[in-house]
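For reference, the structure is listed below as structure tokens.
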There are 2 protein chains.
Amino acid sequence: MKTMTKGISQSTQDYLKNIYELTEQGASASTNDLATRLGIAPASVTGMVQKLASATPPLVDYRKHQGATLTKEGQRAALEIIRHHRLLETWLVQTLGFSWDEVHEEACRLEHVISEDFETRMAAALGHPTRDPHGELIPGADLQMPDDDSTPLSSLRPPQDATIIRVNAIDPALLRHLDELGLIPGADLSISAHSPFDGNISIKVDDREFVVGPAISNNIFVEIGG
Amino acid sequence: MKTMTKGISQSTQDYLKNIYELTEQGASASTNDLATRLGIAPASVTGMVQKLASATPPLVDYRKHQGATLTKEGQRAALEIIRHHRLLETWLVQTLGFSWDEVHEEACRLEHVISEDFETRMAAALGHPTRDPHGELIPGADLQMPDDDSTPLSSLRPPQDATIIRVNAIDPALLRHLDELGLIPGADLSISAHSPFDGNISIKVDDREFVVGPAISNNIFVEIGG
DNA sequence: AATAATATTTAGGTATGCCTAAATATTCTA
DNA sequence: TAGAATATTTAGGCATACCTAAATATTATT
Ligand SMILES: [Mn+2]
Ligand SMILES: [Mn+2]
Ligand SMILES: [Mn+2]
Ligand SMILES: [Mn+2]
């Protein structure tokens with residue numbers, strides 16, 4: 001049993017998903033960054049990326065020392081997996097009571113083995129959600145990724161108000177910390193201070209006030225205006 | 001953290017599960033029967049069974065030309081997967097509206113990748129069921145397989161009455177056929193005739209009467225007395 | 001612009017789990 | 001009970017996806 005979706009191996013799916021995420025901001029995905037994210041030696045990544053580039057059809061564009069980007073085919077496959085992942089996270093939270101720090105790892109294993117029928121039923125049961133428990137956008141059944149018009153929390157200045165839309169994190173410890181602070185999607189907040197050199201900002205949420213550094217605020221995305 | 005239960009690969013899990021099922025009636029699992037069930041060449045099965053026998057700890061007992069049986073360790077691993085499989089089937093039917101002919105294949109893929117936490121939550125959400133949608137017994141969290149005291153439908157004679165407990169089938173077409181006939185767990189039936197040479201029996205279910213041959217009746221298990 | 005630091009690729013291996021063909025053992029049949 | 005049929009094992013390969021060490025290319029520093 002090969003555990004593959006359309007002849008694309010689980011391993012390949014992980015490469016494509018990570019290349020998608022690394023190239024979302026424009027640049028191409030470097031060997032090293034991929035190696036770090038995948039927990040694989042850089043040399044192995046080179047080999048794999050070369051293979052993906054010479055597959056038929058090619059799944060990535062690749063030139064030596066230039067990193068990889070997805071072809072149309074590769075992007076389709078990546079979005080397919082990302083849709084699975086995010087629907088699964090949503091579903092695990094809603095139907096089995098997982099918390100948002102527990103679902104990532106589980107979804108990472110399940111995303112490769114569910115059928116299209118499973119995906120369809122899950123989406124319908126959830127009411128065709130557009131965001132997962134972290135606020136990440138879920139590609140549609142047509143594999144179009146919706147636009148994200150959110151702003152990094154780190155770019156806000158007092159006395160702006162905002163609502164949290166999305167939290168870009170997978171580390172369970174960080175997610176639990178954010179949960180304790182009330183920094184979760186849907187939370188309304190206001191900025192009460194900003195320190196210029198360290199980038200810290202003071203935030204008021206749920207009548208509590210505290211300071212967060214850029215390591216946190218760069219990964220929280222908001223809609224401005226409370 | 002890999003996709004494995006105690007470092008046991010997906011492939012190994014499938015071998016153990018199938019050896020369990022083949023040895024349930026007492027005999028050891030032959031290379032050929034395993035090959036057929038796994039869809040793998042007999043030569044490959046030999047190699048794999050040899051490896052499982054010399055693993056530490058050994059997962060199967062094996063002597064040349066004598067087939068394989070499970071060690072305690074192997075049985076534990078098999079029951080773990082079977083529990084996953086049957087809970088998943090139950091869950092897919094109850095929460096996503098899959099029909100009983102669609103769940104086997106899906107469960108076969110999911111059974112290897114869900115966490116113990118997932119298993120625990122699923123069992124609780126379902127109310128700790130003891131049988132899956134086909135009536136197959138679900139091993140407990142302690143990995144004990146409950147006793148099955150059901151009788152093959154083929155052994156009944158007119159004018160006995162019985163209730164269907166369990167249907168031992170995975171072929172979707174057969175399962176749909178049985179569903180149409182009303183031969184599903186919980187159905188009350190009575191035997192109206194038996195033909196001695198072909199083993200056919202006439203059954204009345206839901207005010208409908210029809211004849212089934214041994215290919216079907218050998219795989220339906222009942223509790224005698226309507 | 002040369003050198004140092006970093007990133008990437010190449011080369012040579014390994015483990016898993018499968019395959020086919022050929023050899024051998026077991027079981028059936030006459 | 002010998003030969004035929006069937007079942008099983010051995011031998012030799014292959015694909016996937018990883019690894020480490022060494023070579024090379026790129027980028028940053030002086
Ligand atoms: Mn899909
Ligand atoms: Mn998420
Ligand atoms: Mn388990
Ligand atoms: Mn079942």
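The chains referred to below are lettered A, B, ... by the order of the sequence lines, with proteins before strands, and numbering in each begins at 1.
- Rounded to an integer number of Å, the gap from B:N18 CG to C:dG17 P is 15 Å.
- Nucleic acid contact for A:T31: sugar-phosphate only, since backbone atoms but no base atoms lie under 4.0 Å from a heavy atom of the residue.
- If you check C:dC19, D:dC18, C:dA25 against the side chain of B:A41, the one that comes closest is C:dC19.
- The shortest distance between side-chain heavy atoms of A:I8 and A:Y15 does not fall below 4.5 Å.
- The separation between B:L38 atom CG and C:dC18 atom P is 8 Å, rounded to whole Å.
- Considering only the side chain of B:S30, D:dT8 comes nearest among D:dT8, C:dG17, C:dT8.
- The structure places CD1 of A:I165 at 5.5 Å from CZ of A:R131, a figure rounded to the nearest 0.5 Å.
- Rounded to whole angstrom, the span from the CE atom of B:M48 across to the P atom of C:dG17 amounts to 4 Å.
- Side chain of A:R166 to backbone of A:I220: no donor-acceptor contact under 3.5 angstrom is found.
- Within the 4.0 angstrom heavy-atom criterion, only backbone atoms of the sugar-phosphate kind lie near A:S11; the bases stay farther away.
- For the OP1/OP2 pair of C:dT10 and a distance below 4.0 Å, the side-chain nitrogens and oxygens of A:Q50 include at least one atom meeting the criterion.
- When each of D:dC18, D:dT10, D:dA7 is scored by its nearest atom to the side-chain atoms of B:T46, the top-ranked nucleotide is D:dT10.
- Look at B:Y62 and you won't find any side-chain N or O under 4.0 angstrom from OP1 or OP2 of D:dT8.
- Applying the 4.0 Å criterion to OP1 and OP2 of D:dT6, one finds that B:N32 has every side-chain N and O outside that range.
- Considering only the side chain of A:A43, D:dT20 comes nearest among D:dT20, D:dT8, C:dC18.
- Which of D:dT26, D:dC18, D:dT8 sits closest to the side chain of A:S44 comes down to D:dC18.
- Checked by atom type, the side-chain pair B:T90/B:D132 shows no donor-acceptor distance below 3.5 Å.
- Side-chain N/O atoms of B:K64 include none lying less than 4.0 angstrom from OP1 or OP2 on D:dA7.
- Ring geometry for B:W100 against B:H134 counts as parallel: the plane angle stays under 30°, on a 0 to 90° scale with 60° as the upper cut.
- To the nearest angstrom, C1' of D:dT9 lies 13 Å from CD of B:Q66.
- For B:Y15 and C:dC18, the shortest distance from a side-chain N or O to OP1 or OP2 is below 4.0 Å.
- In the set D:dT26, C:dC19, C:dG17, the nucleotide with an atom closest to the side chain of B:I40 is C:dC19.
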